[in-house]
Amino acid sequence: MRIDIITIFPGLFGPYINESIIKRAQQKKKVVIKVHDLRDFTEDKHKKVDDRPFGGGPGMVMSAQPIFDAVKKIKGKRAVRVIVTCPSGNVLNQKIAKNLAKCKNIIIICGHYEGIDERVRDKVAQEAISIGDYVLTGGELAALVLVDSVTRLLPGVLGKAESLKDESFEQNLLEYPQYTRPANFRGIKVPNVLLSGNHSLIEKWRKEQAVIRTKKYRPDLLLKKTNQCC
Ligand code: 6GU
């Protein structure tokens with residue numbers, strides 16, 4: 001997969017994508033991540049990439065021109081899924097991440113200021129994605145969240161030790177609770193069943209715990225599950 005990111009803060013990306021699993025995914029050529037400075041594409045002689053909103057109001061709006069030209073140049077003749085990060089987009093979840101992980105090419109445009117000229121969303125992007133119902137200072141963190149959630153799903157990126165099978169949000173359930181040594185930490189004990197060596201019992205307990213935890217912490221996920229079955 002190739003991911004191109006268009007941003008006015010290209011320096012924000014390296015520290016995250018060049019560590020840990022995303023770094024390894026790049027080294028193993030499972031993903032190519034390229035970060036582009038939007039200012040390199042502006043026709044404005046002062047390198048401006050924003051302007052005041054038509055109709056008045058506070059703040060600045062990201063201009064169409066640099067974004068249209070950046071996407072055109074980066075895209076070339078490839079088929080690319082173009083995404084803008086924006087608080088008014090679809091809220092990212094595991095299903096969306098899995099879907100994006102099937103793409104060969106993605107361009108992520110990081111939104112800023114009061115927003116992006118709507119013509120970008122209408123004519124250049126296929127979709128807008130938000131990472132939750134709160135406002136960030138810019139779309140860069142959202143783009144990183146997107147890159148991380150998608151990259152770890154690419155075949156061969158996670159090792160056996162980091163398996164996807166039982167993790168949270170699979171089957172709309174949270175993951176079961178985990179414990180490691182010591183079995184008795186300052187008087188706080190690990191559930192007995194996990195020390196029993198009885199694997200079918202352990203599996204049964206884990207399934208029950210996943211449901212109990214989901215009921216307790218994220219009952220909305222269980223509702224989703226019922227709806228999907230009907
Ligand atoms: Cl994608 N951008 C901004 N600015 N704030 C957000 C967001 C995106 N997703 C959640 N909050």
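Both ligands and their constituent atoms are indexed starting at 1 by order of listing.
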- Message: Between Gln26 and Ile17 (side chain of the first, backbone of the second, donor and acceptor by atom type, cut-off under 3.5 Å), is there such a pair?
- Response: yes
- Message: For a side-chain contact (heavy atoms from CB on, under 4.5 Å) check, start with the C-alpha distance between Val120 and Val84, then their side-chain angles and the critical distance, and finish with the verdict.
- Response: CA-CA 8 Å; Val120 169; Val84 291; 4.0 Å; yes
- Please determine which of Ile109, Leu38, Val35 meets the side chain to side chain contact (heavy atoms under 4.5 Å, CB included) test together with Thr7. Val35
- Query: Heavy-atom contacts under 4.0 Å between Ile129 and ligand 1: side chain, backbone, both, or neither?
  - Reply: backbone
- Item | Thr85 neighbourhood, listing ligand 1 atoms whose heavy-atom distance to it stays under 4.0 Å | 1 (Cl)
- Query: Backbone or side chain, does any N or O of Ser130 fall under 3.5 Å from an N or O of ligand 1?
  - Reply: yes
- Which ligand 1 atoms, with their elements, are less than 4.0 angstrom from a heavy-atom of Cys86? 1 (Cl), 8 (C)
- Query: Based purely on interatomic distance, does Leu136 place a nitrogen or oxygen under 3.5 Å from a nitrogen or oxygen of ligand 1?
  - Reply: yes
- Message: Geometry only, no angles: is Tyr134 polar-contacting ligand 1 at N/O separations under 3.5 Å?
- Response: yes
- Item | Nearest option to atom 10 (C) of ligand 1, as decided by whichever heavy atom of Pro87, Gly132, Cys110, Gly89 sits closest | Gly132
- Message: I need the single residue from Ile67, Ile8, Asp37, Asp44 that forms a side chain to side chain contact (heavy atoms under 4.5 Å, CB included) with Val49. Which is it?
- Response: Ile8
- Check whether the side chains of His112 and Asp50 place a donor and an acceptor atom closer than 3.5 Å, and report yes or no. no
- Task: Please report which non-hydrogen protein atom sits nearest to atom 9 (N) of ligand 1, along with the residue it belongs to and the distance in Å to one decimal place.
- Result: Ile131 N, 2.9 Å
- Query: In this structure, which one of Arg213, Glu203, Arg206 forms a side chain to side chain contact (heavy atoms under 4.5 Å, CB included) with Tyr176?
  - Reply: Arg206
